[in-house]
Amino acid sequence: FFFVPRTRTMGRLNIQVLRAKKLDDVQTFGTADPYVVIRFADREYRTKTCDNNLSPEWNESFAVMVADDNAAVIHFDIMDEEIFIDRPMADYTLTLSNLYRGEWTEKWLLLNNCDGGGELCVALQAEDFGLLRQGGGGDNAAAAAPAPAAAPAPAPAAAPAPAPAAGAQVNIGGNVNINITNNVVNHVPSGPTEVKCANGILKVGDRVQTQFTIAEGGDDRWYQGTIDVLHPGDQAAHIKYDDGDYEKVDGPYIWLMMPPVVPQQQQPYGQQP
């Protein structure tokens, strides 16, 4: 007997669809109205439509969760919006195997099925996966390094800062402020204080459920649990699952288990509830 864990730990890919140029005009009358459809795994995302424009600018951002960056591909389809049936204008398929972790990369993609040599400009960031850059060095690195400069003479000590007045708020680093009131220190958070989920705002103790598809590294099933710890800075939360798992999940992938709405009992005519 062995246990196969279901995978929820995935990488976040940030995508910006910026602009295009030299698109073919596929309309018989007038000028095309292009928009972009992003297809990844079994999900689709769409930009706004730019009316009558063969060099459109969208400047829109999206985020997807990647289970295997070495095998994942993203499909970009540029479509012409019509009244009845939208028409394809161009397309491109992009692999994710050569992205560097944490770095934004802007690319001009030479589009397929576009006779005019059209291009699509996108920017990608592998937020927490991808290649890691390694610094140069070697046996001769120390010899090639310049000699350290002599240490400068120490500067005269600065006068001590005055004590904060009562009621003042002081930042002590990071996302932590303090209030000074009658010599009592009160911590005040200075970053986000809420975690937004797919259908509301999370609180500790909320009953929630999550689902990840097979393409995203999951098993297509819904799993229920309880919010244990909130991480407003990351917009994520730790969940105690009913089956014993304990994992940190991004807010957009968490759904509140809303209780059913109980209709109020109808009152007889002329009586107030």
Side-chain angles (χ1 to χ4, degrees), residues 10-131 196 198-199 211-218 220 235 250-253 255:
M10 297 175 290
R12 178 187 175 98
L13 175 68
N14 297 312
I15 307 169
Q16 292 182 348
V17 179
L18 300 176
R19 63 189 67 86
K21 62 183 180 181
K22 300 180 183 178
L23 298 179
D24 293 341
D25 193 352
V26 297
Q27 287 196 5
T28 305
F29 302 101
T31 305
D33 308 313
Y35 64 90
V36 178
V37 174
I38 303 171
R39 291 185 291 115
F40 180 76
D42 59 349
R43 302 193 179 188
E44 290 190 358
Y45 308 85
R46 176 190 157 148
T47 68
K48 64 186 178 183
T49 299
C50 291
D51 297 330
N52 304 313
N53 199 331
L54 299 181
S55 297
E57 291 198 12
W58 295 283
N59 296 316
E60 294 191 43
S61 299
F62 306 88
V64 299
M65 301 304 292
V66 179
D68 182 1
D69 53 300
N70 291 316
V73 294
I74 297 182
H75 304 278
F76 297 95
D77 297 312
I78 301 183
M79 305 291 293
D80 174 30
E81 185 174 285
E82 294 287 344
I83 296 177
F84 298 107
I85 300 177
D86 295 353
R87 288 183 287 191
M89 299 179 66
D91 61 85
Y92 193 91
T93 299
L94 179 67
T95 62
L96 304 179
S97 57
N98 58 348
L99 296 177
Y100 285 93
R101 180 176 300 187
E103 297 185 14
W104 279 100
T105 301
E106 185 173 308
K107 297 175 178 283
W108 276 100
L109 310 176
L110 183 60
L111 295 167
N112 301 316
N113 302 312
C114 187
D115 296 335
E119 296 179 75
L120 174 66
C121 184
V122 300
L124 307 171
Q125 183 201 42
E127 187 171 299
D128 48 11
F129 68 94
L131 304 175
K196 296 181 180 179
N199 61 339
Q211 179 202 42
F212 290 105
T213 65
I214 292 175
E216 293 173 319
D220 281 336
Q235 285 298 290
D250 287 342
Y253 291 91
W255 290 80

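Lys22 NZ: 12 or fewer foreign heavy atoms inside a 6.0 Å radius.
Rounded to the nearest 0.5 Å, atoms CZ (Phe76) and CG (Leu94) are 5.5 Å apart. Distance CH2/Trp58 to CG/Leu18: 10.0 Å, rounded to 0.5 Å. Atom CD of Gln211 is separated from atom CH2 of Trp255 by 10.0 Å, given to the nearest 0.5 angstrom.
Checking side-chain atoms of Glu44 against main-chain N and O of Val37 turns up no donor-acceptor pair under 3.5 Å. Listed for the Asp91 side chain is no donor-acceptor partner under 3.5 Å among the backbone atoms of His75. With Asp33 contributing its side chain and Asn52 its backbone, the two residues share a donor-acceptor pair below 3.5 Å. At distances below 3.5 Å, at least one donor-acceptor pair connects side-chain atoms of Gln235 with backbone N or O atoms of Lys196. A donor-acceptor contact shorter than 3.5 Å is absent between the side chain of Asn112 and the backbone of Tyr92.
Inspection of the Thr49 and Glu81 side chains reveals an N or O donor paired with an N or O acceptor under 3.5 Å. For the residue pair Gln27/Glu82, the side-chain donor-acceptor check at 3.5 Å is satisfied.
A salt bridge links Arg87 and Asp80; the closest N-O separation between the charged side-chain nitrogens and carboxylate oxygens is under 4.0 Å.
In terms of heavy-atom proximity, Leu54 sits nearest to Asp24 at CD2-O, 3.9 Å.
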